Amino acid sequence: MSFADSIGTVNELIWSIPLIALCLLAGLYFSLRTGFLQVRHIPDMVAQLKKGEKSEDGTSSFQSLMMSLAGRVGVGNIAGVATAIAFGGPGAVFWMWTSAFLGAATSFVECTLGQIYKEKDPDTGEYRGGPAYYFEKAYKHKARGLSLAYGILFAVVTILAMSFFLPGVQANGMASAIDTAWGIPTWVTAIGLVILLGFIVIGGVKRIANFAVVVVPVMALLYILIAVIVFFVNFTEIPHVFGLIFGSAFGVQPVFGAIIGLAIKWGVQRGIYSNEAGQGTGPHAAAAAEVSHPAKQGFAQSFAVYVDTLFVCSATAFIIISTGMYNTFAGEVWPSDVIQEGSGGLSTDVEPGPGFVQQGLDSVFPGAGPTFIAIVLAFFVFTTIVAYYYMAETNLNYLTRKMTNRLAARAMQRALQALVLVSVAYGAVTTAGAAWGLGDIGVGSMAWLNIVGILFLQGPALKALKDYREQKKRGLDPQFDPRRLGIENATFWEDRADGRLRSGADESVATQRDRD
């Protein structure tokens, strides 16, 4: 069996029906347990982004959101949507929406847990957290050995995923788009990307946050604006677009009836790849934020799922479907037989990925489509890889934070940086199929561990949500003390609550407003 075949086999095993069902059912369960907070708390999501706290040690909620979006908004929002349509039909878009809506509740739970169990890095003073931290701490008082082992397992898997499996997909999509637009060889793009990344990844979380907060919103808004223009240009195609999406999602469209299962599979798989709800990446950025109550950042990160899928991915889907620049294939590996061609006359030789979107835009803006997508994708990919490195570094920090030999820990960090750069270089020049296969293995492995884990650890997040609602009902700005809720091992928040008491604040009737 070749290396490519091995990747495919492992990928199919991980992304089988059980994981698809787990993602959807966990999202539905958390939606019910939280009273569909993804709808009920939209005002809180927006308010937190507008007036969230910040400090020398932690990023603001907006910066944290941008860091999270930097990891979410990437090649999955463009090439990922294209591959979902190519192998699952237009109906895959509906299941991407479904995974985002339900996943917003999952994201709240995981990101609130990330805030509850975060730590302050003794070397940099920055906040660190994520699934490895909450897996170890949540039941540290009951099953220390098992909790620690699960935390270490997740950290190791995440380091491999973020530094080896996933960066290559991003680099591959970027190199492919640039080659299509300007004919620049992929190896040239690889060298340039490696050099630029080298300057950023050694700067720490603050530099990552400052970089993301400028680049991500500008490029996302610009991309959505272009999609809106396409929307108005192809206004008459709107009924057709939504008819295809909803009809093929449930097998109503005869030609797509035979692949309804693939529509669900590819929609959920690419949806999770894009919005990362439940994957365990969001809690890393969430933990870095400065907030007075963990639920606040949970709301902010739930909003990130909406931005990623309901806005950016939908923009991509509309560009592709409204212009007819897509083909749907009979098999899950390209090239294979075409079962449906779009109405735009896309060549069957165009590989599923950025090319679908580039050709779609080119049909509306002749000569400009490939260039625009190449530029947008370059920024999306760059910020995503930087965010990947941050998450890999956070988990390495988790594994080495108690090492007395700091020189060895620093050497491991340098090795991690080198591995990310090697992965990027390899991914840019390899085939798209191999790159996506590795990426899916990384995403799926993290999702299995994280979703199963938070189903067991959900209690503290739900208590925090209840506490937030009760304080808001009394007209207070919610302040968090885990001991009052029976949450153990949240040492950061215990120390913070003690500090408020020493300064004269009353933990039961917290009245101070969000600090600017």
Side-chain angles (χ1 to χ4, degrees), residues 4 7-8 11-12 15 20 74-97 99 169-170 172-174 176-177 179-180 240-241 244-249 251 253-274 309 312-363 369-370 373 377 431-440 443:
I7 293 174
N11 188 16
E12 290 177 9
W15 278 104
I20 302 296
V75 77
N77 298 82
I78 295 178
V81 176
T83 55
I85 294 173
F87 300 119
V93 177
F94 171 83
W95 293 104
M96 291 184 77
W97 292 339
S99 71
V169 181
Q170 303 294 327
N172 184 272
M174 175 179 171
S176 173
D179 184 27
T180 299
H240 174 68
V241 170
L244 269 179
I245 290 174
F246 286 99
S248 59
Q253 294 282 343
V255 71
F256 297 115
I259 62 169
I260 183 173
L262 290 177
I264 299 173
K265 175 184 181 297
W266 280 94
V268 174
Q269 183 173 341
R270 287 292 172 258
I272 299 298
Y273 191 100
S274 175
T309 302
V312 184
C313 286
S314 295
T316 298
F318 187 81
I319 290 172
I320 293 174
I321 300 174
S322 70
T323 59
M325 291 298 179
Y326 70 92
N327 295 313
T328 299
F329 300 94
E332 294 193 45
V333 178
W334 185 88
S336 60
D337 294 333
V338 178
I339 64 171
Q340 174 69 32
E341 294 186 20
S343 57
L346 178 71
S347 170
T348 55
D349 294 331
V350 177
E351 184 175 0
F356 280 21
V357 193
Q358 289 178 306
Q359 294 301 315
L361 275 184
D362 198 53
S363 68
I373 293 300
L377 200 54
T431 62
W436 275 104
L438 288 172
D440 285 335
V443 172

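Just so you know, these numbers come straight off a predicted model, no measurement behind them.
Between Ile321 atom CD1 and His240 atom NE2 the span is 8.0 Å, to the nearest 0.5 Å. Interatomic distance, CH2 of Trp97 versus CD1 of Ile245, reported as 4.0 Å (0.5 Å rounding). The distance from atom OG1 of Thr328 to atom CG of Leu262, rounded to the nearest 0.5 Å, is 10.5 Å. In this structure, CD1 in Ile260 is found 15.5 Å from NZ in Lys265, a value given to the nearest 0.5 Å.
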Quiz: residues 76-96 side-chain donor-acceptor pairs under 3.5 angstrom, not counting sequence neighbours:
residue, atom, partner, partner atom, Å
Asn77, OD1, Gly74, N, 2.8
Asn77, ND2, Ser274, OG, 3.2
Asn77, ND2, Asp308, O, 3.1
Asn77, ND2, Asp308, OD2, 3.0
Thr83, OG1, Ala79, O, 3.3
Thr83, OG1, Gly80, O, 2.8
Thr83, OG1, Arg270, NE, 3.0
Trp95, NE1, Ala249, O, 3.2

Side chain to side chain contact (heavy atoms under 4.5 Å, CB included) between Ile7 and Trp436, intermediate numbers included: CA-CA 10 Å; Ile7 293 174; Trp436 275 104; over 6 Å; no

Stepwise side chain to side chain contact (heavy atoms under 4.5 Å, CB included) test for Ile264 and Ile20: CA-CA 8 Å; Ile264 299 173; Ile20 302 296; 4.1 Å; yes

Candidate pair Ile339 and Phe329, rule side chain to side chain contact (heavy atoms under 4.5 Å, CB included), full reasoning: CA-CA 5 Å; Ile339 64 171; Phe329 300 94; over 6 Å; no

Criterion side chain to side chain contact (heavy atoms under 4.5 Å, CB included) on Gln359 and Thr323, from CA distance to verdict: CA-CA 9 Å; Gln359 294 301 315; Thr323 59; over 6 Å; no

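Under the 3.5 Å distance criterion, the side-chain polar atoms of Gln358 are matched with a main-chain donor or acceptor of Ala177. Not one N or O on the side chain of Ser176 forms a donor-acceptor pair closer than 3.5 Å with the backbone of Gly173. Ser314 contributes a side-chain N or O that, together with a main-chain N or O of Thr309, makes up a donor-acceptor pair within less than 3.5 Å.
The ring of Trp266 has its center no closer than 6.0 angstrom to the ring center of Tyr273.
Contact check for Trp15 versus Val443: side-chain heavy atoms found under the 4.5 Å cut-off. With a 4.5 Å cut-off on side-chain heavy atoms, Pro354 and Leu377 count as touching.
Inspection of the Asp440 and Gln269 side chains reveals an N or O donor paired with an N or O acceptor under 3.5 Å.
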